[in-house]
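This report concerns only the one structure given below.
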Protein chains: 2
Amino acid sequence: MHLLLVEDDKLVAEGLCRSLRQQGYSVEHCASIKSAMQWLENDEIELLVLDLGLPDGDGIDVLKHVKKHRPNLPVVILTARGSIDDKVQGLDLGADDYLAKPFDPAELFARLRVASRRVTHAQSSTINVANVEMDTSAFTVTLDQEPVNLPRKEFMLLKALFENQGRVLSKQQLESKLYEWGEEVGSNTIEVHIHHLRKKLPKDLIKTLRGIGYVVGKR
Amino acid sequence: MHLLLVEDDKLVAEGLCRSLRQQGYSVEHCASIKSAMQWLENDEIELLVLDLGLPDGDGIDVLKHVKKHRPNLPVVILTARGSIDDKVQGLDLGADDYLAKPFDPAELFARLRVASRRVTHAQSSTINVANVEMDTSAFTVTLDQEPVNLPRKEFMLLKALFENQGRVLSKQQLESKLYEWGEEVGSNTIEVHIHHLRKKLPKDLIKTLRGIGYVVGKR
DNA sequence: ATTTTTCTTAAGGTTTATTTAAGTTTTGCT
DNA sequence: AGCAAAACTTAAATAAACCTTAAGAAAAAT
């Protein structure tokens, strides 16, 4: 899941970037309205975390712009201002959520999961396919109730497939979910990860559609 | 918009009911888990505002029940408990939002507007011809609901025909859909693919117009 | 700083899809 | 009917996609 973090405080930004990545997001970061606008040209940004206290203008303008051009993009706003009027304004402009600083990262993550659920149409944080259950917020997978240990990339890959149960995802699509912008994958990484997943899970869980991609479930 | 408010504090409930109605909602109110469950049998409830501090049990159970039986019903949770763990749990169970008491009604209204905005309409990219259904985005084809496995070129070929249902496509036109510019096809490829398709699908689905081309449907 | 785990790369092997080509059947025409 | 053109069928050859393995690089944990 591609996320854009707009936050000018270097320290905060750095910490958030790291922990967001640990949560499985591909994080792009910028610190000004200007560059935020540029990033948002990129259609693959799927989630926006926006600090309102920016140096070169009011973050609300970014929000307006987003809602005009990408009305379905989920937005979570961070702000030092705590007044309710601000909250109401942000929400009515189309923000999906609003967090006043200081906040606990765990709460931000939970709210991001809510926001991204909308994009992926998943309802809760667990997804079952056959006898495999994935908890996307706890980062765990079980096979017949037995825990299965999956490294991060394998987990993300499986998650992408689970969230699109019954839909075929091409290798390209999968790559774009696992890697950030500019990162090039010059090889058969996906194939290798799939192979590792198949060794740990029922062999027919992930089906290959030659020339098209991979699917899970519903067939 | 039909809204169910589950709140046991009479004073709070009364005030909320009134102002929610002023906001244009038709409000049903109840004060226990038991009656909440009953109300939720009613499919006309479109929005749920749930207080977690109920007399006869844990409101989280209501949330679980709702998400199981009405996974698309938007839920906003009210609570006195302020701990982050509660929030995270509530959100991960599928609540769309979470407000800690005391809160400003204006903020609740704003969050309700966000929650009810969510009328997502998944557009299916399927084309039906006779008893064959094709989902062009999932790359799947079913015959009488039974999946049919089609390799890429066969799929593309069938897709071209389906997208031009009732229109005759010449072999040349079909070739140009399957191949890149400059790619030469020195043979009867199309004929062979058509042949393979006919073996997997109803034999009369693809009709041949001698000297002209192939058609599907509407005739 | 060291060890362990995870990730990427690349080469070779396997399977499956696609093309080719040759033989066969169908069709439309005179 | 007899002929030629077009389409169908089949099987083998080629090509593409994918799988497997293993080793080295990178990242994380100790």
Side-chain angles (χ1 to χ4, degrees), chain A residues 17-24 26-27 139-141 147-161 168-180 182-216, chain B residues 139 141 148-161 168-180 182-216:
Chain A
C17 276
R18 194 171 34 240
S19 42
L20 284 169
R21 287 195 180 107
Q22 232 155 34
Q23 292 289 314
S26 307
V27 181
F139 274 79
T140 58
V141 172
V148 176
N149 195 306
L150 295 187
R152 210 168 29 265
K153 284 268 150 88
E154 286 173 31
F155 182 88
M156 288 164 71
L157 179 46
L158 191 65
K159 182 178 162 207
L161 289 169
V168 184
L169 297 182
S170 69
K171 273 188 283 199
Q172 280 212 344
Q173 288 177 301
L174 290 169
E175 274 173 16
S176 81
K177 303 237 177 209
L178 297 204
Y179 302 96
E180 318 206 340
E183 245 189 307
E184 306 269 330
V185 205
S187 187
N188 59 340
T189 324
I190 299 294
E191 286 171 26
V192 175
H193 286 313
I194 291 271
H195 178 228
H196 290 150
L197 282 170
R198 295 216 253 233
K199 289 212 290 202
K200 300 174 188 172
L201 298 169
K203 57 212 156 300
D204 56 345
L205 180 72
I206 302 170
K207 268 156 278 183
T208 301
L209 300 203
R210 224 157 224 267
I212 303 173
Y214 298 93
V215 220
V216 121
Chain B
F139 277 95
V141 173
V148 176
N149 204 311
L150 295 187
R152 204 183 42 168
K153 286 264 152 92
E154 285 174 29
F155 182 90
M156 288 164 72
L157 178 47
L158 190 64
K159 182 178 163 204
L161 289 169
V168 183
L169 296 181
S170 69
K171 273 188 279 199
Q172 279 212 345
Q173 287 177 301
L174 290 170
E175 275 173 15
S176 79
K177 303 233 178 210
L178 298 204
Y179 301 95
E180 304 289 323
E183 247 189 306
E184 311 255 333
V185 206
S187 187
N188 60 339
T189 323
I190 299 294
E191 287 172 22
V192 175
H193 285 315
I194 292 272
H195 176 229
H196 290 149
L197 281 171
R198 296 217 253 232
K199 289 212 292 202
K200 300 175 186 172
L201 299 169
K203 57 217 152 297
D204 57 344
L205 179 72
I206 303 171
K207 268 156 279 183
T208 301
L209 300 201
R210 196 157 245 264
I212 305 175
Y214 298 94
V215 220
V216 121

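Hydrogens, waters and symmetry mates are skipped; everything else that's a heavy atom, side chains included, is used.
L205(A) has its side chain out of reach of L197(A): every pair of non-hydrogen atoms, C-beta onward, lies at least 4.5 Å apart. The shortest side-chain heavy-atom distance between L201(B) and E154(B) does not fall under the 4.5 Å cut-off. E191(A) places a side-chain heavy atom less than 4.5 Å from the side chain of K171(A). Using a 4.5 Å cut-off on side-chain heavy atoms (C-beta onward), I190(A) and E175(A) make contact. Between Y214(B) and L157(B), the closest side-chain pair of non-hydrogen atoms is not below 4.5 Å. In this structure, Y179(B) and K153(B) have side chains that are in contact, with non-hydrogen atoms separated by less than 4.5 Å. The side-chain heavy atoms of L161(B) and L174(B), taken from C-beta on, include a pair separated by under 4.5 Å.
Not one side-chain nitrogen or oxygen of K153(B) sits closer than 4.0 Å to the OP1 or OP2 atom of dA16(D). Under 4.0 angstrom from either OP1 or OP2 of dC19(D) there lies at least one side-chain N or O belonging to Y214(A). Contact annotation: Y179(A) side-chain N/O to dT8(C) OP1/OP2 distance is under 4.0 Å. OP1 or OP2 of dC8(D) has not a single side-chain nitrogen or oxygen of K199(B) nearer than 4.0 Å. Close to dC19(D), at under 4.0 Å from its OP1 or OP2, lies no side-chain N or O of H195(A).
Remark: the backbone N or O of P151(B) is not paired with any side-chain donor or acceptor of R210(A) at under 3.5 angstrom.
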Scoring nucleotides 24-30 of chain C by protein non-hydrogen atoms under 4.0 Å (B base, S sugar-phosphate only, - none) yields --BBS--
Across nucleotides 22-30 of chain D, 5' to 3', mark each nucleotide with B, S or - according to how protein heavy atoms within less than 4.0 Å reach it. ------S--
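For the pair L150(A) and E191(B), both in contact range of DNA chain C, the more 5′-proximal nearest nucleotide belongs to L150(A).
If you check every strand for non-hydrogen atoms under 4.0 Å, T208(B) touches sugar and phosphate atoms only.
The neighbour count for R21(A) CZ, taken as heavy atoms of other residues, nucleotides or ligands under 6.0 Å away, is above 12.
In this structure, of dC7(C), dT20(C), dA10(C), it is dC7(C) that holds the atom nearest to the side chain of P151(A).
Atom CD1 in I190(B) sits roughly 14 Å away from atom C1' in dC8(D) (whole-Å rounding). N149(B) places its CG atom 18 Å from the P atom of dT15(C), with the value rounded to the nearest Å. In this structure, the CD atom of E154(A) is 13 Å from the C1' atom of dT8(C), given to the nearest Å. When the P atom of dT21(D) is taken as reference, atom CG of N188(A) falls 14 Å away, rounded to whole Å. What separates NZ of K200(B) from P of dT9(D) is a distance of 14 Å, to the nearest Å. The separation between L209(A) atom CG and dA17(C) atom C1' is 13 Å, rounded to whole Å. Rounding to whole angstrom units, NE2 of residue H193(B) and C1' of dA7(D) are separated by 16 Å. To the nearest angstrom, C1' of dA7(D) lies 15 Å from CG of L157(B).
Between F139(A) and F155(A), the ring planes are parallel. Angles under 30° get that label, and only those over 60° would be called perpendicular.
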